[in-house]
Number of protein chains: 2
Amino acid sequence: MAHGIDEVARVAGVSTATVSRALRGLPNVSVATRERVRSAAAQLGYVASPSAASLASGRTRTIGLLTPWVNHWFFSNVIEGAEQALRAQGYDALLHTFEVSRKVPRLRVDPDVLRRRVDGILVVGFPLDDSEVVSLLGLGHPMIFIGSSVPGQVTVRLDDLATGRTATQHLIDLGHRRIGHISGSPDDITPFSPPVARRRGWLAALADAGIPADPQLEVHGHFDLDGGRESMHQLFRQCPDVTAIFAASDEMAMGAILAARDLGLQVPQDLSVVGVDGHDLGELVRLTTMVQPAVEEGAKAATLLLELIAGGAVPGDVVYQTTLLDRGSTGPPRAAHGM
Amino acid sequence: MAHGIDEVARVAGVSTATVSRALRGLPNVSVATRERVRSAAAQLGYVASPSAASLASGRTRTIGLLTPWVNHWFFSNVIEGAEQALRAQGYDALLHTFEVSRKVPRLRVDPDVLRRRVDGILVVGFPLDDSEVVSLLGLGHPMIFIGSSVPGQVTVRLDDLATGRTATQHLIDLGHRRIGHISGSPDDITPFSPPVARRRGWLAALADAGIPADPQLEVHGHFDLDGGRESMHQLFRQCPDVTAIFAASDEMAMGAILAARDLGLQVPQDLSVVGVDGHDLGELVRLTTMVQPAVEEGAKAATLLLELIAGGAVPGDVVYQTTLLDRGSTGPPRAAHGM
DNA sequence: CTGTTAGCGCATTCAT
DNA sequence: ATGAATGCGCTAACAG
């Protein structure tokens, strides 16, 4: 069952070179020959050894998926989309998570683990610092960033500024003026990461509406449920008069809702909450959110990467717009009820 | 920067064989030599080509992760645990999802995509049918199943029977007698899959309590939020007197809670709900659940697989117990309030 | 403990 | 359109 290319060649009555060409769909093989080779291969259950093919060709037909986690909404959905798009083109997805613990600073990404192992790299949702990007580029492979833009690198991402602005504007339109913002930890933030842009959108919307920015209305925490919950509690302590929250992710937004519940407050009567993502489970708390197409982002990035590998021109960034999904966690502030 | 093994050999003043041995930590290399080789390799930035090493050795140091999805709670957590355990041992994780659409029957798993590409296979949470198992075994690699047992194959899984029994007993203890069950679609079910065992646990607990089983109290749907919601609606139609639900997964349980909400019913006053998983977001609806250690299951399975690959004896199945986490979605039935 | 040698199984020239 | 020959970069016997 574990036959080699020469067995196929013998059965088909051709040379190994012809088998190689026929099976890979290269031109300059007669239809008849190709068919004969195909059936011989099928009959023998022959599949080319990826190792041998890689060694000989220098290509691995494998893409490295670099991500901090797979068990978070955005990441798992992007990976889902990317893996399917890659496989549709005959590429393998090599999953590589780098530990991002909340205790210790994360380890630096070590390019060696991907050396000579992949044809390209997809970096999912995590802004690497300059030296890490440089070291990865040193591998000599095309690389695309998803969800976090890196200067000079191809990126597939959201219009985070507009996202923050729209979410905040939605709250302003409802009559809120004390609108808080929950974002990621400062140490997670590079100048080009989504949290920063979403925050700028928040500030921009406030400024446009002539609402003064209050530093006390801004809290940073971990990018998950507990982080959102803790951040919201801190925000309540700092600003008891806060009436609305724009959280940089749905999980944080849901955490904020839990914090409100901890204090016996009603959503949206006592606190309006809007998040970012379009997490399915947001429905549980009627979370209003800015929906992003995470699976499609992953698939799109994978497709672009394969085009780059195939020698295509360097594409421009792909920027997706989010859409507001009002499920009910936002409403007019209590103080504005009489308006 | 892309140096070969012979460059390292030249710089270190040894043969390529010694370089290979030294760098891989094999015995029979003097400390001094090993150190000299190491520094030469470091200086040149040398990392062995995986393709060449695989071709020469027959081993790939790669494990195939076979899973229907990555964007569901159980799967992403198992994968997270497995990938980290694999990487800690220097193994790569090749992610391979096979499309499980709710529209069309899923494609059969094609072993060819993993042929000569991996040293072992982890099948996550999906019971393959006999012929698929046979074809995968034909690849000649060790294989471990996580979350779904397959006769004759090593498995890491839950005690699903006890899980179903304990969850149901919890409801019985609260005074419920009309206890429904929401499970996966019949076509998803093989005789050894978790849904079947959880259902048997449900039936066993009912039988133990002398409560007659009513087929109308059982509904099958898709294993996700919408599936749970639809199933619960159907159950309400079939049995308006149902007071409690044991759902085979947290996502389905949360769907059931949404269905109750759709009808204006209170949880747990009008409907008690218990799920299985320990999904973090269950907190949003105070979901009571049977907690399982998904990350650990993935890591354990990965470790066992590597031991098998290293030539260890075939291990017995690893069976985890779940623990009841009462977050509030269960309580006495209305009719029993006076008890 | 270390060096020599022979492949591993293909893709790819260069012929024809 | 096809074949013959070469080598990708390393591991594994074997020899010493």
Side-chain angles (χ1 to χ4, degrees), chain A residues 1-38 40-41 44-62 90 92 112 115-119 139-140 309, chain B residues 1-38 40-41 44-62 90 112 115-119 139-140 309 311:
Chain A
M1 210 45 182
H3 301 281
I5 195 174
D6 30 8
E7 310 251 349
V8 179
R10 209 167 34 68
V11 171
V14 295
S15 71
T16 63
T18 298
V19 171
S20 178
R21 283 187 285 249
L23 257 26
R24 286 183 299 149
L26 295 189
N28 293 333
V29 178
S30 76
V31 188
T33 303
R34 195 186 300 276
E35 205 35 62
R36 204 144 28 85
V37 171
R38 280 216 177 108
L44 295 172
Y46 169 79
V47 174
S49 153
S51 311
S54 296
L55 185 56
S57 71
R59 284 168 254 112
T60 63
R61 290 194 77 80
T62 300
D92 281 331
D112 279 354
R115 181 150 291 162
R116 311 205 243 193
R117 201 165 294 238
V118 299
D119 293 343
L139 295 175
I309 289 171
Chain B
M1 207 49 180
H3 302 280
I5 195 174
D6 31 8
E7 310 251 348
V8 179
R10 211 169 31 71
V11 171
V14 296
S15 71
T16 62
T18 299
V19 172
S20 177
R21 284 188 285 251
L23 257 27
R24 285 182 299 153
L26 296 188
N28 293 332
V29 178
S30 77
V31 189
T33 303
R34 195 186 298 275
E35 205 35 63
R36 204 143 29 84
V37 171
R38 280 217 176 105
L44 294 173
Y46 169 79
V47 174
S49 154
S51 309
S54 296
L55 185 57
S57 71
R59 282 169 257 111
T60 63
R61 290 195 78 79
T62 300
D112 280 353
R115 179 150 291 161
R116 311 206 241 193
R117 201 165 294 237
V118 299
D119 293 343
L139 295 175
I309 289 171

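So you know, we letter chains A, B, ... as the sequences are listed, proteins then strands, and number each from 1.
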Once salt bridge (Lys or Arg N to Asp or Glu O under 4.0 Å) is applied, do any residues pair with [X], and if so which ones, sequence neighbours excluded?
| X | answer |
| --- | --- |
| R61(B) | none |
| R117(A) | D92(B) |
| D112(B) | R115(B) |

Tell me, please, which residues at least two apart from [X] pass side-chain hydrogen bond (donor to acceptor under 3.5 Å, both in side chains).
| X | answer |
| --- | --- |
| T16(B) | none |
| T60(B) | D119(B) |
| S51(A) | none |

Spacing of L139(A) atom CG and R116(A) atom CZ [to the nearest 0.5 Å]: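 That separation rounds to 11.0 Å.
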Could you give the distance from CG (N28(B)) to CZ (R34(B)), rounded to the nearest 0.5 Å?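 Spacing of CG (N28(B)) from CZ (R34(B)) equals 9.0 Å.
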Chain A contact limits on DNA chain C, taken 5' to 3' with a cut-off of 4.0 angstrom to heavy atoms: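 Taking any atom under 4.0 Å from a heavy atom of chain A, the span is dG9(C) to dT12(C).
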The criterion is side chain to side chain contact (heavy atoms under 4.5 Å, CB included); which residues satisfy it with A53(B), sequence neighbours excluded?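 For A53(B), no residue satisfies side chain to side chain contact (heavy atoms under 4.5 Å, CB included) once neighbours in sequence are set aside.
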Side chains of residues 17-25 of chain B: which donor-acceptor pairs under 3.5 Å do they make with residues two or more places apart or in other chains?
unit_1	atom_1	unit_2	atom_2	d
T18(B)	OG1	S15(B)	OG	3.3
S20(B)	OG	R24(B)	NE	3.3
S20(B)	OG	R24(B)	NH2	3.1
R24(B)	NE	S20(B)	O	3.3

Name the stems that DNA chain C belongs to, where each is three or more consecutive Watson-Crick or G-U pairs with both distances under 3.5 Å?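 The stems are C:1-16 with D:1-16.
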Is there a residue in residues 29-37 of chain B whose heavy atoms reach under 4.0 Å of DNA chain D, and which residues are they?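 Hits under 4.0 Å, by residue number: none.
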Each nucleotide in nucleotides 11-16 of chain D should get exactly one letter: B, S or -. Can you fill that in based on protein heavy atoms under 4.0 Å? SBB---
Where L26(B) and V29(B) come nearest, the two heavy atoms and their spacing: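 Looking at all heavy atoms of both residues, the closest pair is O-CG2, 3.9 Å.
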Within this structure, what is the CG-to-P distance between L23(A) and dT2(D), rounded to whole angstrom?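 Distance check: L23(A) CG to dT2(D) P gives 14 Å.
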